[in-house]
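Worksheet: one structure, shown below.
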Amino acid sequence: MEKTWRWFGKKDKITLSMLRQIGVEGIVTALHDVPNGEIWTEEAIKDLCNYIESYGMRWSVVESLPVCEAIKYAGPERDKLIENYIISLENLGRCGVKTVCYNFMPVIDWIRTDLEHPWPDGTTSLYFDYARYAYFDIKILEREGAEKEYDDATLAKVEELDKTMTEADKLSLIDTIIVKTQGFVNGNIREGDREPVRIFKSLLAKYDGVTKEDLRENMRYFLAAVMPVCEKWDINMCVHPDDPPMEVFGMPRIVTCAEDIEWFLNAVDNPHNGLTFCAGSLSAGPHNDVMEMARKFASRTHFVHLRSCNYLGDGNFIEAPHTAGRADLVELIRIFEKTKPGLPMRVDHGKTMLGDEKMGYNAGYSFHGRMLALGIVDGMMAAVRKEMREGLI
């Protein structure tokens with residue numbers, strides 16, 4: 001597998017020189033300065049390709065070329081936005097960038113309630129507390145009818161939290177859920193936005209009445225429109241699973257499980273329509289058999305995120321060390337190397353450690369924590385390669 005790293009452009013505190021020194025082979029990035037929906041020009045793409053190549057690496061994967069909300073909810077500007085998307089894909093193809101990771105999650109990308117959950121060894125990691133998420137939904141967002149979507153035990157926890165939550169606690173939860181996890185990935189809300197809750201509610205309102213079936217049809221419409229340019233330039237589109245893999249804030253999610261994945265692969269049955277196999281996102285759902293899903297969808301996987309989560313019950317989960325959790329990373333490497341050798345792979349959501357917390361890195365994207373994870377996974381891959389040479393697998 002190709003060792004890649006998510007890098008946030010020339011302003012990233014983690015430099016390409018640093019990445020080359022730790023064995024990174026390919027870069028996963030985007031034109032983060034281009035507003036969502038606007039065209040990625042061939043000139044801008046080529047400039048970034050040349051910059052990455054000057055450090056001895058290549059631009060392996062786009063993550064992400066964002067799919068605008070109006071495409072997802074089928075707004076009146078949908079076709080124009082898809083036209084811009086197709087032009088951007090064509091420009092990527094001309095420059096030799098052939099793998100595009102994207103998501104089809106309405107309004108909000110990945111969600112956590114704690115960005116620095118402490119471990120006994122002094123490190124921290126991302127954490128999702130279902131009761132705190134419900135508290136945000138019911139007490140801060142005040143979404144109409146939200147309380148009807150939670151069981152009695154969760155509602156009781158929300159009421160207990162309400163007795164102790166300070167205004168500072170509430171602001172921190174807002175910042176964690178809808179600002180810090182979103183703004184650095186071409187999100188709908190950015191650091192410094194005033195009234196983020198009001199903005200978030202206005203975005204949710206655009207999905208009023210949009211059902212799971214509607215969202216699926218809108219995804220099918222989008223994929224059918226972009227497949228011709230993908231075929232022309234041999235570009236692989238690979239959707240990222242929903243994170244966490246469940247419905248959130250009353251909105252449908254449509255890449256949460258094996259049935260969802262099978263649906264969109266069949267809806268536009270083209271080899272360029274594929275999956276980003278994020279073992280971490282999938283393992284956060286107790287309903288998912290991650291290893292079986294890898295075996296089933298390996299042939300349509302174009303990009304792999306090797307990380308894992310521990311599901312703690314009651315909707316709670318935590319990012320696990322790369323040697324632990326519900327996803328067996330060694331077995332995943334075996335599966336993908338046997339089926340599609342050489343796939344781009346990146347480690348993801350490493351722990352915060354050894355001074356990472358002082359550096360202002362993007363949430364979930366520490367340097368030392370991911371460097372440790374890359375070293376661990378590199379060892380796993382070496383062991384699997386040895387097994388394959390010796391005919392053991």
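Other members of the cluster containing Val28 are Val61, Phe303, with ILVMFWY side chains joined at under 4.5 Å, either directly or via other members.
Ring pair Trp110/His240: centre-to-centre distance not below 6.0 Å. Phe136 has its ring centre no less than 6.0 Å from the ring centre of Tyr133. You'll find the ring centres of Phe317 and Tyr311 outside the 6.0 Å limit.
With rounding to the nearest 0.5 angstrom, the CZ atom of Phe128 is 11.0 Å from the SG atom of Cys309. How far CG of Leu306 is from CZ of Arg346: 10.5 Å, rounded to the nearest 0.5 Å.
Taking the six-membered ring for Trp and thresholds of 30 and 60 degrees, Phe8 and His32 have ring planes inclined between 30 and 60 degrees apart.
A side-chain donor-acceptor contact under 3.5 Å links Thr211 and Asp214.
Formation of a donor-acceptor pair under 3.5 Å by the Asp129 side chain with backbone atoms of Arg132 is found in this model. At least one donor-acceptor pair closer than 3.5 Å links the side chain of Lys98 to the backbone N or O of Trp233.
Between Asp260 and Arg216 there is a salt bridge, since a side-chain N of the basic residue sits under 4.0 Å from a carboxylate O of the acidic one. Between Arg307 and Glu319, at least one side-chain nitrogen of the basic residue sits less than 4.0 Å from a carboxylate oxygen of the acidic one, meeting the salt-bridge criterion.
Around NZ of Lys206, the count of heavy atoms belonging to other residues, nucleotides or ligands within 6.0 Å does not exceed 12.
The side-chain contact (heavy atoms from CB on, under 4.5 Å) with Tyr127 is formed by just one residue from the set His117, Glu116, Arg112; it is His117.
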